[in-house]
Amino acid sequence: MTLKAVRTPQPTVDNPQSAELNPQSAVPNPQSDEPVAIRMPVDIRSVALTVLAVLALVLMLQYAQAMIVPIVLGVLISYALEPVVAWMTRWHVPRPLAAAIVLVALTTSGGWLLYSLRTQASAIVEQLPQAATRLRQMVERDRPTTATAIEQVQRAATELEKAANAAAPPPPPSGVPRVQVEAPPVSISDYLLWGSIGLGAAVGQLVLILFLVFFLLAAGDLYRRKIVKIVGPSLTNKKITLEILQEIDRQIEAFLAVQVFTSVVVAVATWLAFRALGVQQAALWGLMAGIFNSIPYFGPVLVSAATAVVAFLQFGNIQMTILVSGIALVITSLEGFLLTPWLTSRTARMNAVAVFIGLLFWGWVWNFWGLLLAVPMLTVLKAVCDHVEDLKPMGELLGE
């Protein structure tokens, strides 16, 4: 009896069934010169339509900023106040009445806080002329060195202008008048006028946001039940939709709780440190540090830069400027690298690259409000992507 060696064909990547039966056979041959490619179905028409839809969405977000931003703020504030309203309803308080009580208490406490800080804000405004005078004196004291450098630059610019004129065509006849456009001087009153108009618009939007928060809190889970009903009669779709809504609720509530707690810690720590150093209006700067702490990466930098300017104008030396600015940066850094990661260790987190790119995108779309709302909106997007099959690759990119 003779045995014959039969050579079986090796499966390739193009034969998925044979590759699944023998995964090792699907490994490319290192001695082969052919490049290994992953075959994916790509429809150019669908890709083009997707790109156009994304561009249209971005333009719509920019155009409708005045309408969308108050809605997003109202939804986030309603998420933050929902536990208090739910606790009051368990004591048989009607939900509309509970929402009204919570909003009245919130606006009253916020108004009292602003009223208590009015003296420090007035002191800052009164010190502006003195600060401007001190800055002018510092510039005049350093004028010789600065003037020498400026003269050298002007001399170089004059020589370059002479060389350009020598190479330029001859000037027009002397009878042609010469026209020179002069820029108008800076008008501080115009800036104050625009600032007053912006303040009035902000107060109007705040009233609209409060009304929206009241209606959302009074409605309760009405819209959640409507969304579950809209997805169709399929029990599977209803279950997935309910899981998405619960995940969004959990992540937003965890984010808001951590953000409020860390902002309070930063505000109190900054106030105590500035008060110990003798910085004027320490409470107001502590409040500003707590507010800007909600903006990742950029907020602490803005606070450190602002406190550096304030310290320099108050103390007039570099040592105190570096000390005050450095303490503000240390407080926000300890909060960002130690306290916040420890508090959010059990919640779904996103990688730093995704957060930074999201901040750049939303800051470009909505300016300051985009920086403030970027992280919660990315959190909602990740919660949706993690539960939708076609969007799971995007959720993987956002996650850690």
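Between the side chain of Thr270 and the backbone N or O of Gly286 there is no donor-acceptor pair closer than 3.5 Å. Not a single donor-acceptor pair under 3.5 Å links the side chain of Arg95 to the backbone N or O of Ala219. At least one donor-acceptor pair closer than 3.5 Å links the side chain of Ser78 to the backbone N or O of Val75. A donor-acceptor pair under 3.5 Å is absent between the side-chain atoms of Ser304 and the main chain of Val301, judged by distance alone. Here the side chain of Trp366 pairs a donor or acceptor atom with the backbone of Leu61 at under 3.5 angstrom. A donor-acceptor pair under 3.5 Å is absent between the side-chain atoms of Ser325 and the main chain of Thr321, judged by distance alone.
To the nearest 0.5 angstrom, Phe292 atom CZ is 9.5 Å from Trp285 atom CH2. Here the straight-line distance linking atom CH2 of Trp364 with atom CZ of Phe361 works out to 6.5 Å at 0.5 Å rounding. Rounding to the nearest 0.5 angstrom, the gap separating the CD1 atom in Ile322 from the CG atom in Leu329 is 12.5 Å. With values rounded to the nearest 0.5 angstrom, Leu216 atom CG is found 10.5 Å from Leu81 atom CG. Note: Trp271 CH2 to Ile331 CD1 = 12.5 Å, rounded to the nearest 0.5 Å. Here the CG atom belonging to Leu398 is positioned 8.0 Å from the CG atom belonging to Asp386, to the nearest 0.5 angstrom.
Summarising the geometry of Val85 relative to Ala98, their closest heavy-atom pair is CG1-CB, 4.0 Å, with the distance given to 0.1 Å. In terms of heavy-atom proximity, Leu256 sits nearest to Ala80 at CD1-N, 3.7 Å. Contact record, Gln65 with Pro70: O-CD, 3.9 Å, taken as the closest heavy-atom pair. Here the shortest heavy-atom pairing between Gly290 and Ala267 reads CA-CB, 4.0 Å. Of all heavy-atom pairs spanning Ala328 and Val303, the tightest one is CB-CG1, 4.5 Å. Of all non-hydrogen atoms in Leu217 and Glu82, the two that sit nearest each other are CD2-OE1, 3.7 Å.
Within 6.0 Å of the CD atom in Gln246, the count of heavy atoms belonging to other residues, nucleotides or ligands exceeds 12. The environment of Met320 atom CE is dense: over 12 non-hydrogen atoms of other residues, nucleotides or ligands sit within 6.0 angstrom. Heavy-atom neighbours of Tyr223 OH from other residues, nucleotides or ligands within 6.0 Å: at or below the threshold of 12.
Val72 and Leu103 fall within the same hydrophobic cluster, where Ile, Leu, Val, Met, Phe, Trp and Tyr residues are linked whenever their side-chain heavy atoms come under 4.5 Å apart, directly or through other members. Linking Ile, Leu, Val, Met, Phe, Trp and Tyr whenever their side-chain heavy atoms come within less than 4.5 Å leaves Leu378 and Ile357 in two separate clusters. Under the 4.5 Å side-chain heavy-atom criterion for ILVMFWY residues, a single connected hydrophobic cluster contains both Leu57 and Trp369. Cluster annotation: Trp87 and Val102 are assigned to the same hydrophobic cluster (Ile/Leu/Val/Met/Phe/Trp/Tyr, side-chain heavy-atom contacts under 4.5 Å, transitive). Criterion: ILVMFWY side-chain heavy atoms under 4.5 Å apart, direct or through other members. Under it, Met67 and Phe215 are part of a common hydrophobic cluster.
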task: For Met288 and Thr307, run side chain to side chain contact (heavy atoms under 4.5 Å, CB included): C-alpha distance rounded to whole Å, both residues' side-chain angles, the deciding distance at 0.1 Å, then the answer.
output: CA-CA 10 Å; Met288 297 300 296; Thr307 53; over 6 Å; no
message: Pair Arg225, Leu222 - check side chain to side chain contact (heavy atoms under 4.5 Å, CB included), show working.
response: CA-CA 5 Å; Arg225 288 187 278 108; Leu222 174 64; 3.8 Å; yes
- request: Apply the test side chain to side chain contact (heavy atoms under 4.5 Å, CB included) to residues Ile68 and Met60: give CA-CA distance (whole Å), side-chain angles for both, the deciding distance (0.1 Å), then the verdict.
  value: CA-CA 10 Å; Ile68 299 178; Met60 187 270 293; 4.0 Å; yes
- prompt: Would Tyr79 and Ile248 satisfy side chain to side chain contact (heavy atoms under 4.5 Å, CB included), going step by step from the backbone distance to the final call?
  reply: CA-CA 10 Å; Tyr79 269 104; Ile248 291 175; 4.0 Å; yes
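Contact of the Met88 side chain with the Leu97 side chain is not registered, since no non-hydrogen atoms from C-beta on lie closer than 4.5 Å. In this structure the side chain of Pro376 reaches within 4.5 angstrom of the side chain of Leu76, judged on heavy atoms. Looking at Val207 and Phe211, their side chains come closer than 4.5 Å, going by heavy atoms from C-beta outward. Contact check for Val384 versus Glu247: no side-chain heavy atoms found under the 4.5 Å cut-off. The closest side-chain heavy-atom distance from Thr241 to Ile227 is below 4.5 Å.
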